[in-house]
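One-based numbering along the sequence shown. Basis for what follows: all heavy atoms, side chains included, without hydrogens, waters or symmetry-related copies.
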Amino acid sequence: LYPDDSSYEGKELRLIQEYFMTSAGLQTIIKSYRKQGLPLEQIHEKVSVHINDTHPAVAPAEFMRLLLDDCGLEWADAWNATVKTMSYTNHTILSEALEKWDAELFKNVLPRVYQIILEIDNRYVSDMATRGIDPQVIENTRIVKDNQIHMAHLAIIGGHSVNGVAKLHTELLKEDTLRDFYAIYPEKFNNKTNGITFRRWLESCNEDLADYFKELIGTGYLKDAEKLKDLLKFVDDKNVYERLEQIKHGNKIKLKKYLKHTQGIIIDENSIIDTQIKRFHEYKRQQMNALYVIKKYLDIKNGKLPETKITVLFGGKAAPAYIIAQDIIHLILCLSEIINNDPEVNKYLNVYLVENYNVGLAEKIIPATDISEQISLASKEASGTGNMKFMLNGALTLGTMDGANVEIHDLVGDENIYIFGKQSDEIIKLYETSGYVSKDYYKQEEIKEVVDFITSDKLIKVGNKERLERLKNELINKDWFMTLIDFVDYYNTKEKMFKDYENKDLWYKKVINN
């Protein structure tokens with residue numbers, strides 16, 4: 001799924017795939033409901049259809065098509081049943097990530113659904129006008145405008161519930177991305193902070209740790225995760241610290257064997273494992289982590305050596321048409337090439353990009369990790385769940401006050417998480433006022449040095465000049481996701497983290513809390 005949609009053919013294929021999956025699901029639901037001999041007008045009393053992000057957001061219109069054309073309902077009954085059946089999770093603050101379809105393309109692929117969408121849109125506009133809603137607000141929220149179909153608008157208008165995926169995210173949707181909808185339908189908005197399944201992210205992927213938990217606190221936590229709080233009884237127990245360290249070391253050895261066997265990567269199991277695994281996107285700021293790697297490399301070259309060796313792991317995929325994300329991957333691969341092959345440096349620092357990052361690989365990496373990188377620009381990450389998986393496996397979070405990091409910070413307290421960077425309200429203000437100028441930050445000596453290294457002879461020798469120059473120019477002249485604004489604070493906080501790691505009692509106390 002998700003073909004490259006930078007071409008017309010790719011867009012068409014993507015729409016066909018999304019429609020096919022959504023329609024097949026809805027047809028199956030209606031078929032099984034009808035077997036019960038119950039009236040279709042009341043389908044919402046037995047069935048809920050949840051639209052998870054905008055990819056299946058054609059659902060309200062397709063449900064209408066099925067109820068009207070295949071089942072013979074009148075518009076009013078079909079619409080009432082649709083709105084009461086459908087609900088929608090929004091996964092992004094980034095309005096460019098909310099799916100929009102070119103009206104012509106949509107009409108060609110799905111002519112009948114297109115007619116129904118036009119009708120929903122017309123009825124919405126006339127209903128809002130009758131309610132005396134400001135014409136500009138109606139224009140902002142309608143489904144079809146500027147020859148585009150706005151799928152998030154269809155999901156909101158065609159359903160009874162809209163949720164964000166973390167406390168901060170839901171508030172930002174109400175205040176910013178979906179502000180006009182919140183004014184019209186405040187009752188539809190609610191929050192559901194993302195979660196993870198402990199079956200996979202503890203029991204299955206970290207058996208040694210799970211077995212030790214059972215030894216310490218019994219099996220109650222398997223049915224009620226809140227019971228993990230019983231671990232706090234051991235927060236000052238040095239024997240527990242020692243055992244947790246042994247388990248972590250064992251997981252590093254397992255990861256080492258796996259990576260050596262599958263990818264030819266040989267990691268040092270005695271090093272600190274510092275991991276950033278997630279989709280590649282500028283707002284997630286893998287580029288900031290890469291700049292840290294450059295700074296660390298230069299530090300080591302200048303004789304400033306870490307006490308314990310550091311292994312930096314990256315993993316993730318980039319959308320096929322997302323050039324800058326691919327340039328960031330390219331930079332990481334170039335750094336990996338020069339650092340891992342430099343005998344002066346590779347005793348103290350290694351950098352690897354794991355290939356074909358997926359859930360199976362995450363299950364090996366997460367239990368072996370010490371430092372969890374959750375460094376998105378404040379206000380941009382909806383929630384994040386990697387942050388939760390890492391904590392559950394005894395890693396400590398290095399993060400901004402963004403997404404679910406905010407709630408994690410509330411739960412673990414200042415002393416058990418490493419927070420850096422500007423707050424979301426400061427960042428939003430900078431966007432509103434065009435107050436961030438990357439060039440001004442680039443002029444700072446410690447930033448200029450690391451950014452310039454991207455196009456140094458050393459890197460260009462192993463990499464692609466065009467890619468490296470494009471990335472450097474992006475950071476200096478645009479840097480839309482404000483890498484440079486938080487870099488110095490990030491560097492200092494990470495250095496403190498490495499220093500704290502040397503104090504095992506301090507470190508493992510934090511681990512137990514997490």
Side-chain angles (χ1 to χ4, degrees), residues 51-57 87-100 137 140-141 148 150-157 159 161-186 188-195 276 278-288 316 318-319 322 324-325 373-388 399-410 419-436 478-483 485-486:
I51 299 167
N52 192 29
D53 213 345
T54 42
H55 315 126
S87 52
Y88 163 56
T89 293
N90 170 287
H91 280 274
T92 182
I93 293 290
L94 310 173
S95 51
E96 66 269 24
L98 296 173
E99 204 157 78
K100 299 174 196 73
V137 171
N140 294 348
T141 53
Q148 285 188 313
H150 293 250
M151 300 309 282
H153 298 191
L154 176 61
I156 296 165
I157 292 163
S161 168
V162 183
N163 72 280
V165 289
K167 197 166 136 194
L168 175 67
H169 176 230
T170 300
E171 290 311 308
L172 290 172
L173 290 180
K174 294 183 335 194
E175 291 163 17
D176 183 36
T177 313
L178 302 177
R179 183 177 59 231
D180 288 334
F181 278 115
Y182 181 60
I184 295 168
Y185 300 121
K188 287 191 185 186
F189 282 74
N190 59 92
N191 178 56
K192 301 280 178 292
T193 298
N194 276 163
Q276 188 174 16
K278 50 187 79 249
R279 196 165 46 85
F280 270 86
H281 197 295
E282 289 163 275
Y283 86 79
K284 293 179 187 279
R285 298 199 293 190
Q286 285 96 343
Q287 65 276 24
M288 185 163 71
Y322 192 173
I324 291 291
E373 299 269 351
Q374 309 298 332
I375 61 177
S376 54
L377 176 64
S379 82
K380 295 298 175 189
E381 182 66 84
S383 170
T385 55
N387 44 15
M388 305 169 197
T400 51
M401 284 294 265
D402 197 27
N405 292 355
V406 175
E407 288 154 89
I408 288 170
H409 172 259
D410 289 348
I419 295 289
F420 71 93
K422 296 266 186 272
Q423 303 282 326
S424 58
D425 51 354
E426 298 174 77
I427 296 299
I428 290 163
K429 204 174 185 88
L430 286 170
Y431 276 116
E432 283 168 357
T433 59
S434 304
Y436 172 70
K478 188 181 174 197
D479 192 23
W480 182 246
F481 294 102
M482 305 189 194
T483 313
I485 203 168
D486 286 340

Q. Which atom names give the shortest non-hydrogen contact between A382 and V165, and what distance separates them?
A. CB-CG2, 3.4 Å

**Q.** Contact check, side chains of E99 and H55, non-hydrogen atoms, under 4.5 Å
**A.** yes

(Q) Among Q374, Q286, E373, exactly one meets side-chain hydrogen bond (donor to acceptor under 3.5 Å, both in side chains) together with K278. Which residue is that? (A) Q374

Q | Heavy-atom side-chain contact between F481 and L94 under 4.5 Å | A | yes

Q. Out of curiosity, F189 CZ to T170 OG1, how far, rounded to the nearest 0.5 Å?
A. 9.5 Å

Q: Please lay out, stage by stage, how Y185 and V162 fare under the test side chain to side chain contact (heavy atoms under 4.5 Å, CB included).
A: CA-CA 10 Å; Y185 300 121; V162 183; over 6 Å; no

Q: Compute the centroid of each ring, for W480 and then for Y431, and state whether the two points are separated by less than 6.0 Å.
A: yes

Q.
Can you confirm whether the side chains of N90 and H169 place a donor and an acceptor under 3.5 Å from each other?
A. yes

(Q) How long is the straight-line distance from CD of Q276 back to CE of M288, given to the nearest 0.5 Å? (A) 8.0 Å

**Q.** Sidechain-backbone polar pair: E426 side chain, Q423 backbone, donor-acceptor under 3.5 Å
**A.** yes

Q: Examine the side chains of N52 and Y88 and answer whether a donor and an acceptor come within less than 3.5 Å of each other.
A: no

(Q) Any side-chain to backbone donor/acceptor pair from E282 onto D479? Under 3.5 Å, distance only. (A) no

Q. Taking atom CG of L168 and atom CD1 of I93, what is their separation to the nearest 0.5 Å?
A. 7.0 Å

**Q.** Nearest atoms (heavy-atom pairs only) where G316 meets F280
**A.** C-CD1, 3.6 Å

Q) Does the cation-pi check pass for K284 over Y322, that is, NZ or CZ under 6.0 Å from the six-membered ring centre and within 45° of its axis? A) no

Q: Quick one: do M151 and L154 satisfy side chain to side chain contact (heavy atoms under 4.5 Å, CB included)? Show the steps, please.
A: CA-CA 5 Å; M151 300 309 282; L154 176 61; 4.2 Å; yes

**Q.** Heavy-atom side-chain proximity of D486 to F420 below 4.5 angstrom
**A.** yes

Q | Those residues that, when tested against D53, pass salt bridge (charged side-chain N to carboxylate O under 4.0 Å, His left out) (two or more places apart) | A | none

**Q.** Student check: side-chain heavy atoms of N163 and N191 closer than 4.5 Å
**A.** no

**Q.** Salt-bridge contact K174-E171 (side-chain N to carboxylate O under 4.0 Å)
**A.** yes

Q) Which atom pair, heavy atoms only, marks the closest approach of A378 to S424? A) CB-N, 3.6 Å

Q: List the atom of K188, the atom of G159, and the distance in Å for their closest heavy-atom pair.
A: NZ-O, 2.7 Å

Q: Please confirm whether the backbone N or O of S379 pairs with a side-chain atom of D402, one donor and one acceptor, at under 3.5 Å?
A: yes

Q: Heavy atoms only: give me the nearest K100-S95 pair and the separation to one decimal.
A: NZ-O, 3.3 Å

Q: Mind checking the OG1-CG spacing from T141 to L178? Nearest 0.5 Å is all I need.
A: 10.5 Å

**Q.** T177 and L172: CA distance, side-chain angles, deciding distance, side chain to side chain contact (heavy atoms under 4.5 Å, CB included) verdict
**A.** CA-CA 7 Å; T177 313; L172 290 172; 5.7 Å; no

Q. Are L430 and I485 close enough that some pair of their side-chain heavy atoms sits under 4.5 Å apart?
A. yes

(Q) Quick one, L98 and T92 - any side-chain contact, counting heavy atoms below 4.5 Å? (A) yes

Q | Flag side-chain contact, heavy atom, 4.5 Å: S376 against T400 | A | yes

**Q.** Plane angle bin for H150 and H153 - parallel if under 30°, tilted between 30 and 60°, otherwise perpendicular
**A.** parallel

(Q) Can you tell me how far apart CE (M401) and CD1 (I427) are? Round to the nearest 0.5 Å. (A) 13.5 Å

Q. Taking the side chain as C-beta and beyond, is there a heavy-atom pair between T483 and L377 under 4.5 Å?
A. no

Q. Between the side chain of S87 and the main-chain N/O of S161, is any donor-acceptor distance below 3.5 Å?
A. no

Q) Closest heavy-atom contact between I51 and A155? A) CD1-CB, 4.2 Å

Q | Gap between atom CG of N194 and atom OG1 of T385 - 0.5 Å precision | A | 6.0 Å

